[in-house]
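The structure appears below as C-alpha cells.
FYI, the numbering just counts along the sequence from 1.
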Amino acid sequence: MDRGIVVDTGSSPHSLLHPVPISSARIDDEFWRPRRRALREAGLPRQFEMCEATGRIDNFRRLSNGSNDPFQGRVYNDSDVYKLLEAASHALAEQHNQDLAATTNGVIDAIAGAQRSDGYVHSYFALEREHERYSDLTTQHELYCAGHLIQAGIAHRRATGSGSRLFDVARRFADHICGTFGPDAREGVDGHEEIELALAELYRETGDRKYLDQSIYFLEARGRQPSLMPAVPGAYERAYYQDHLPVTEQTEVVGHAVRATYLATGMMDAALESHRPDMARAATKLWESAFERKSYVTGGLGSRYEGESFGDDYELPNESAYAETCAAIGGVFWSWRMLCRTGDAKYADAIETALYNGALSGVSLDGTKYFYVNPLSSRGGYERADWFDCACCPPNIARLLMSLPGYLYSTSEDSLWVHFYAAGGVRASLPYGGTIEIEVETNYPWDGDIRLNIVDAPASPVALRLRIPGWCEGATVTVNGRGAQPDAVPGTYLDVKRRWTPGDVLSLCLPMPVRKLSSHQRVTTNQGRLALARGPLIYCIEAADHPDVDLFEVALDRGDDLDVKHNRDLLGGVTVLSATGDRLVGPAGQGNPIRTAHSDQNDQLDKVPITAIPYYAWGNRGIGAMQVWMPAISEAG
C-alpha cells in the first residue's frame, strides 16, 4: 500500500499546520523539475556508485559474508548510505524506477545482513571493534548514524508500504537504543544530534510513545553538571556540542552549525508532539539568534571554518564564509517545524531563502557535483566536486530536494496553506472534512504571476492562505478577475475564504523589482557594499561573465537601475540582471593600500558592464572569481 511520504512533522497535537503528503502534491515547473530530474536520473545513481567505490556499502557486506576485509573510510560513513536511501525512497514514491529500486533493495539487503542479533547496526563498531560500542559518544557518531537509519527506514516504509525491510531493521535498532539508554539504564549524550528528531518521527509513524520519550530523554540529558558526554582527548569544548547548558536554558546558537540546527529541530519535535512549551520557547530564542543575527543573506549558516561553527553576532565574513550546505538544510528542517507550530510566515521566508540560495547552491545544475562550503566571495579557489571524503552534503541535498513537494502546502481546519509557489498541483484532505484540489500555473521564481485553478472543493467555505513573501511590496489578488483583498502585507499569509467551485481562478501577483540590499551596520565586512536580489533569489557576479575584469574592482552605482532579461540559453535558463558599473582604478603610481581618509575622491572610475546571475548557479562553468556583495558608490561618483 502506498502510504504517501510526508515530510517530517505530521498531524502533531501541538501543530497548527498539517503537511500535505508528498504523494498528494506535484511539481511540474521549469525551475524545480529539471533540478530534481537531474538528481533522480544522474545524481542518485552516481551517489550509489561513489558509495560503492569508497567502500561504504562493502562495509556492511563484510559483516554478513564473513569477510576479513577491513572497514573503509570514516567512522560515520554509514550515515551517507542512509541519507542516500532516504533520498531514493522519496524519488521512488514519486516516480517508480526499476533500476533505482533494484539498487536500493540491494543496499538494504546489505544493511539487514549487517544487523547484530541484539538489533545494533554500525559497520565500524563490529567484528574487531564490537567491544568499543558506545565508548565514545562524543566524537564517534554512533547515535547520529542510527538516527539517519531510522529516518531512511521511515521514508522507505512510507514509499513502499508496511513490508519495508529497511524499516524493520531501523525499528529493531531503535528498540535496542531505547533499551540501552535512559535514567534507569545507561546515561549518555550523543556528540552529533540526529537521533532526537529521528525517534520523534518514529513515534509519529508508529504511535509508540517510548520513542518520543527516548527522544526527550536525549534532549534533557544535555547540559548536565557534570556532563553525561564523555570527555575525549582532543575534543572541542562542550559548547561546540551544545552541551554547555540544559537545552531549555540555551538562548544563543553556538558551536558546530549542523549539530545546532539538528538539536533545535529535535527540540521543536518535542514541542510539537508533547506539551513542552519550554522547548518551544528555547528553540524560538535560538532561531532568533541564528536567523536574525548569524545568518547570511543566502540563508547560509555557520561563518567559521574552525569547527564548521557559528561565530559571534554579525560575524559574517564573505570570502572565508563556511556556510556548509548541510547547515542550510538543517535550517530548513528547523524553520519548517517552527512554521508548522505557529503559521508565522517569517519561518517560510527563511525556508525559501535557503531553498533557492544557500542550499541549492550545494548541487550543480546536472545534479552530479557539489559544494560542501558556500562562500559569498571567491577569488577562484572553489570547484564543485564529484564527492567528498566527508560526504554528508551530497545525499543531504538529495533527500531535501526529493522531498520538496511535501513542503509546498499544509492544511489546518478549513484552510489550505500555500507556502511556496511552483507550477503543479495538490489534492489535500482538510482536517474538518472535504477535499480541495488545485492546479497551479506560474513561472516562479522568474516572475510573480501565480494562477490557482480550482479543480475540486467541498461545499463549505475553504480559506486559501497565500504567503506574501517578506520581500514583496504591492501584492494583489483577484478571484475570477475581480479584486478580492485590498491589503496584502509582506511577511504574512493572506486569507481568501469563500465557497469555491470547479473553474474558479485565483490570481496572485507578486511584483519582483530588483532590490539592492545592504547589511546591518555591525556586519563590518559589508560596509559600503550592496547585494542584488529579485524575488526569492540572491544574485552574484561571476568571472565567466566578466572576462579580463577583476571582480574585486567592480562597483555598483547606488542610483542606477538594472535591466532584467531571461536568458533560456544560460545556465539552464536564468533571469539575468545587467547594468553599467564602475571599475575602480587607483591613481597612477599609488600602490600603497593605506590611504588618507576621503582620498577615494581622487580615484578614477572606468565604466564596465555588469552581469549578475542567481547565486545558486555559480560554479557551473569552471573555476573563477565570484562576488555577492559589491562595493557601492553614490550617484555623484
Side-chain angles (χ1 to χ4, degrees), residues 8 39 43-44 46-57 59 72-88 90 107 122-124 139-152 155 190-198 236 240-242 255-263 265-266 299-302 304-310 321-334 354 358-364 367-374 382 384-403:
D8 292 350
L39 270 172
L44 296 183
R46 179 60 175 161
Q47 289 192 31
F48 276 114
E49 290 175 4
M50 294 306 298
C51 284
E52 288 282 9
T54 57
R56 282 167 166 82
I57 300 173
N59 284 337
Q72 302 178 63
R74 300 198 181 197
V75 65
Y76 44 75
N77 275 3
D78 289 3
S79 65
D80 302 328
V81 179
Y82 299 148
K83 282 183 283 188
L84 179 53
L85 287 173
E86 183 181 344
H90 292 314
V107 176
H122 197 294
S123 69
Y124 181 82
T139 68
Q140 296 301 296
H141 292 73
E142 278 171 278
L143 295 177
Y144 169 81
C145 290
H148 280 303
L149 171 58
I150 292 167
Q151 288 189 308
D190 57 296
H192 196 313
E193 300 90 334
E194 164 62 22
I195 189 65
E196 299 84 355
L197 46 156
Y236 288 94
Y240 174 83
Y241 306 99
Q242 297 78 46
H256 187 270
V258 179
R259 285 171 165 88
T261 59
Y262 283 15
L263 171 64
T265 299
L301 298 171
R304 295 181 179 177
Y305 268 73
E306 174 62 27
E308 304 179 325
S309 60
F310 285 101
Y322 202 73
E324 182 183 342
T325 299
C326 284
I329 295 167
V332 170
F333 297 155
W334 178 7
L360 186 57
S361 60
V363 60
S364 64
T368 65
K369 296 183 184 298
Y370 307 92
F371 278 146
Y372 192 106
V373 177
N374 295 273
Y382 290 90
R384 294 185 182 273
D386 294 326
W387 196 246
F388 304 99
D389 184 37
C390 174
C392 52
C393 295
N396 216 8
I397 189 65
R399 69 176 180 143
L400 174 66
L401 295 187
M402 288 297 97
S403 65

Are any of the side-chain heavy atoms of [X] and [Y] separated by less than 4.5 Å?
X	Y	value
K369	D386	yes
Q72	N77	no
Y370	T325	no
L401	L360	yes
Y262	L197	yes

Heavy-atom pair with the smallest gap, counting every atom of [X] and [Y]:
X	Y	answer
Y144	E193	CD1-O, 3.9 Å
N374	S361	OD1-OG, 2.8 Å
C393	Y372	SG-CD1, 3.8 Å
V332	L400	CG1-CD1, 4.0 Å
L143	I195	O-CB, 3.5 Å
A398	Q47	CB-NE2, 3.9 Å

What's the separation between atom [atom1] in [X] and atom [atom2] in [Y], rounded to the nearest 0.5 Å?
X	Y	atom1	atom2	value
C326	F333	SG	CZ	8.5 Å
L301	S309	CG	OG	12.0 Å
I397	S364	CD1	OG	11.0 Å
Y76	E142	OH	CD	15.0 Å
E194	I150	CD	CD1	8.5 Å
E324	T261	CD	OG1	9.0 Å

Worksheet entry | Identified side chain to side chain contact (heavy atoms under 4.5 Å, CB included) counterpart of V81 within the set H148, R56, E86 |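 That would be R56; it is the only one of H148, R56, E86 passing the side chain to side chain contact (heavy atoms under 4.5 Å, CB included) with V81.
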[X] side chain to [Y] backbone, donor-acceptor under 3.5 Å:
X	Y	value
Y241	Y236	yes
Q242	Y240	yes
K83	C392	yes

Worksheet item: For the ring pair H122 and H141, is the centre-to-centre distance below 6.0 Å?
Response: no
Fill in: cation_pi(R384, F371) dist<6.0 Å, angle<=45
yes
Item to complete: Compute whether any side-chain donor of one residue and acceptor of the other, for Y322 and E308, lie under 3.5 angstrom apart.
Response: yes
Worksheet item: Taking it one step at a time, do N59 and Y124 satisfy side-chain contact (heavy atoms from CB on, under 4.5 Å)?
Response: CA-CA 8 Å; N59 284 337; Y124 181 82; over 6 Å; no
